Amino acid sequence: MAMASLSPLRPTLQPHLNQHSLSRLYPFSLHHSRRPSLLCKAKEDPATTTSSSPLSLGIAVSGLVASPVIAYSLYTLKTTGCGLPPGPGGSLGALEGVSYLIVAGIVVWSIVTKVRTGSGLPAGPYGLLGGAEGLAYLTLAGIVVVFGLQIYETGSLPGPLPSDQ
């Protein structure tokens with residue numbers, strides 16, 4: 001009988017790895033990664049972009065004037081219990097009312113622009129529109145605080161027309 005010699009098998013602990021099998025095992029390797037590139041650009045909305053128009057400058061200046069008028073009105077409301085006096089020919093009261101409308105308009109315009117484009121109003125000429133936007137939000141916060149305190153302390157807000165007090 002012929003004897004067959006049996007040699008012990010040598011188990012291999014690590015399989016032979018080439019570049020293809022390495023990239024399959026480690027797909028996030030720094031040496032052989034292919035990074036997909038994605039570039040997104042937003043288009044400017046012509047309905048909300050008024051960064052260099054005279055209208056933008058006018059809105060910015062009126063917003064910058066309206067916020068201090070409202071701040072003085074809120075101070076007067078908090079200290080005396082009523083808003084600004086009508087003034088000569090009702091001009092001071094009219095300025096107060098128009099100032100509230102301007103600030104409300106800037107805040108609404110800013111919110112609509114934020115929802116549509118994902119960013120606030122453009123900076124505008126010399127950054128004035130951005131400044132008016134920031135002041136409008138600060139003024140809105142002041143309105144909420146002072147009106148809340150007024151309602152808490154007296155139970156109501158004073159009417160828009162002067163009373164006999």
Side-chain angles (χ1 to χ4, degrees), residues 26-165:
Y26 305 105
F28 301 107
S29 170
L30 294 177
H31 301 289
H32 300 287
S33 66
R34 293 181 188 152
R35 289 184 234 152
S37 63
L38 177 65
L39 181 63
C40 297
K41 292 184 178 179
K43 292 182 181 178
E44 291 186 11
D45 187 5
T48 59
T49 303
T50 58
S51 60
S52 62
S53 71
L55 178 64
S56 174
L57 182 63
I59 292 171
V61 169
S62 63
L64 292 172
V65 169
S67 291
V69 169
I70 293 175
Y72 181 64
S73 168
L74 293 174
Y75 171 76
T76 306
L77 174 64
K78 186 64 185 128
T79 56
T80 66
C82 29
L84 294 178
S91 60
L92 197 53
L95 178 64
E96 177 185 19
V98 170
S99 295
Y100 276 98
L101 293 175
I102 289 171
V103 167
I106 290 174
V107 168
V108 168
W109 183 26
S110 170
I111 291 170
V112 168
T113 303
K114 181 73 170 176
V115 168
R116 281 187 175 175
T117 65
S119 62
L121 295 177
Y126 308 109
L128 292 177
L129 189 57
E133 178 186 15
L135 271 178
Y137 278 108
L138 285 174
T139 304
L140 180 64
I143 290 169
V144 169
V145 168
V146 172
F147 281 14
L149 288 172
Q150 184 72 17
I151 290 172
Y152 178 74
E153 292 171 358
T154 64
S156 66
L157 290 174
L161 298 175
S163 62
D164 293 333
Q165 294 178 353

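Computation of the quantities below employed the complete heavy-atom set of this structure, encompassing side-chain atoms and omitting hydrogens, waters and symmetry-equivalent molecules. None of these values were measured; they are calculated from a predicted model.
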Between atom CG of Leu149 and atom OG1 of Thr154, what is the distance when rounded to the nearest 0.5 Å?
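Answer for the CG-OG1 pair, Leu149 versus Thr154, is 10.0 Å.
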Separation of Leu128 CG from Ile59 CD1 (nearest 0.5 Å)
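Answer for the CD1-CG pair, Ile59 versus Leu128, is 12.5 Å.
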Result block: side-chain N/O donor-acceptor pairs under 3.5 angstrom for residues 64-77, not counting sequence neighbours:
residue: Ser67; atom: OG; partner: Gly63; partner atom: O; Å: 3.3
residue: Ser67; atom: OG; partner: Thr139; partner atom: OG1; Å: 3.2
residue: Ser73; atom: OG; partner: Glu96; partner atom: OE2; Å: 2.4
residue: Thr76; atom: OG1; partner: Tyr72; partner atom: O; Å: 2.8

Distance-only check: which donor-acceptor pairs under 3.5 Å involve side-chain atoms of residues 87-95, not counting sequence neighbours?
residue: Ser91; atom: OG; partner: Pro88; partner atom: O; Å: 3.0

Using side chain to side chain donor-acceptor pair (under 3.5 Å) as the criterion, list what pairs up with Lys114, not counting sequence neighbours.
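Lys114 satisfies side chain to side chain donor-acceptor pair (under 3.5 Å) with no residue once adjacent residues are dropped.
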How would you list, by chain and number, every residue that makes a side chain to side chain donor-acceptor pair (under 3.5 Å) with Tyr137, sequence neighbours excluded?
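By the side chain to side chain donor-acceptor pair (under 3.5 Å) rule, Tyr137 matches Ser110.
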Nearest atoms (heavy-atom pairs only) where Thr80 meets Cys82:
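Heavy-atom minimum between the residues: OG1-O, 3.0 Å.
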Pair up each side-chain donor or acceptor in residues 118-126 with any protein partner under 3.5 Å, not counting sequence neighbours, and list the distances.
none

Sequence neighbours excluded - salt bridge (charged side-chain N to carboxylate O under 4.0 Å, His left out) pairs with any residue from residues 117-146:
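Residue pairs with at least one partner in residues 117-146: there are none.
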